[in-house]
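First listed ligand is number 1; within each ligand, the first listed atom is number 1.
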Amino acid sequence: MSQKFAKNLLITGANRGIGLEFVKKLASRVDILFAGCRKPSEAKELNALKDAHNNLHVVEIDVTCEKNIQACIEEVSKVCGEAGLSCLINNAGANKKPDNKVTELSLDDLKRIFSVNTFGPPIVCKHSLSLLQQAAKTHSDQIITKPLIVNIGTGLSSVSRMNRDMSCYYSYNMSKSPLNMFTKMLSLEIEEDGIDVIAIHPGWVQTDMGGSNATLTVQQSIDMMLETLSNLRQEQNGTLINFKGETIPY
Ligand code: NDP
C-alpha cells in the first residue's frame, strides 16, 4: 500500500468525475474519508465503495448552501473528534455549454456557476478551518502531506495565458479566476498555522465536464495530481499549479 496521504480528508463533488476517482484512489490512503455530494442516497458508485471501505463516509454537501455546508462540517467534526481534518479538497464545479461571445452570457447561468465555483470553496473553507487547525496541531511526519487545502482550479483561469485559441467559456473561466486570489490570500492567512493551500489544474480530463475528447483519463489525472500533491514544495504554497506540478501564472 502507498504511504498514507492524509489522516482525515473531505472532498466535495465526489459522486462522479474527478471527485469519484479521488475517492477510489484515496480510500485506502487515509484514516477517514468523507465523500461529499449533493444527494448521497443517489450516489450509487460511492455507496458501493462503502462495502469495501468502512472508513468511507458519504456526506451531504451542496457548496452553494451555507447551512448545508455547516451541517456537513458538524457531521465531519463529530466523526473526526480531536484529530480534526487534515485535508480538504474543494473539487465540486459547474460549467455550461460554451458561451464564447459576450452576447451569449446569461445572468442566471453566471449566478449558478459563480455560486459553485467562486463562492463555494471559500465558504467551505470558512466552516472547515477550525478542523484543519486542529489537525495541524497533531500532525505527524508519518503522513505525506502537511494539513492541506486543495482547490481544484483550471488553466483557463489564467488571465495572462488567455488567448482566442483557448476554450473561451466566459462564465466558467471568469468564475475560476477568483479562486486563485482566494488561494493566495488564504495561504498567507493560515501559513503560520502550518496549513498549505494550493490551486491545482487537473489537466483536460475525460469527465462529464471535460468531454470524451479530453486528453487525460481520470485515472491518469488523479495519479499525477496525487504525486504532485505529495511532493509540494513550500514555495508552491498559495499558487496555481498543473497536475505535473508546473506553475501556471495568474
Ligand atoms: P463533473 O461535471 O464530472 O463533476 C462535477 C461534480 O461537481 C459533480 O460531482 C457534481 O455533483 C458536483 N457539483 C456541482 N454543483 C455542486 C454543488 N452545488 N454542490 C456540490 N457539488 C456540486 O466535473 P469534473 O469531475 O470534470 O470536475 C471536477 C473539478 O475539476 C471542477 O472543479 C472542474 O471545474 C475542475 N476541472 C475539470 C477539468 C476537466 O477537464 N474535466 C479541467 C479543469 C478543471 P452533481 O452530480 O450533484 O451535479
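Residue contacts with ligand 1 leave out G155, since none of its heavy atoms falls under 4.0 Å from the ligand. Ligand 1 lies out of reach of Q206, whose nearest heavy atom is not under 4.0 Å from it.
No donor-acceptor pair under 3.5 Å is formed between the side chain of S86 and the backbone N or O of A6. Listed for the T183 side chain is no donor-acceptor partner under 3.5 Å among the backbone atoms of T239.
Below 4.0 Å from some heavy atom of T64 lie the following atoms of ligand 1, by number and element: 18 (N). Near I152, meaning under 4.0 Å from one of its heavy atoms, ligand 1 places the atoms 29 (C), 30 (O), 32 (O), 35 (C).
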Would D108 and K111 satisfy salt bridge (charged side-chain N to carboxylate O under 4.0 Å, His left out), going step by step from the backbone distance to the final call? CA-CA 5 Å; D108 285 344; K111 284 181 182 166; 5.0 Å; no
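Relative to atom 36 (N) of ligand 1, the option among Y172, F22, F243, F119 with the closest non-hydrogen atom is Y172. Closest to atom 31 (C) of ligand 1 by heavy atom, among N117, N242, D208, N91, is N91. Taking each of G203, G13, S175, A214 in turn, the one with a heavy atom nearest to atom 42 (C) of ligand 1 proves to be G203.
Under 3.5 Å, the side chains of N180 and S157 contain a donor-acceptor pair of N or O atoms.
The shortest N or O to N or O distance between H201 and ligand 1 is not under 3.5 Å.
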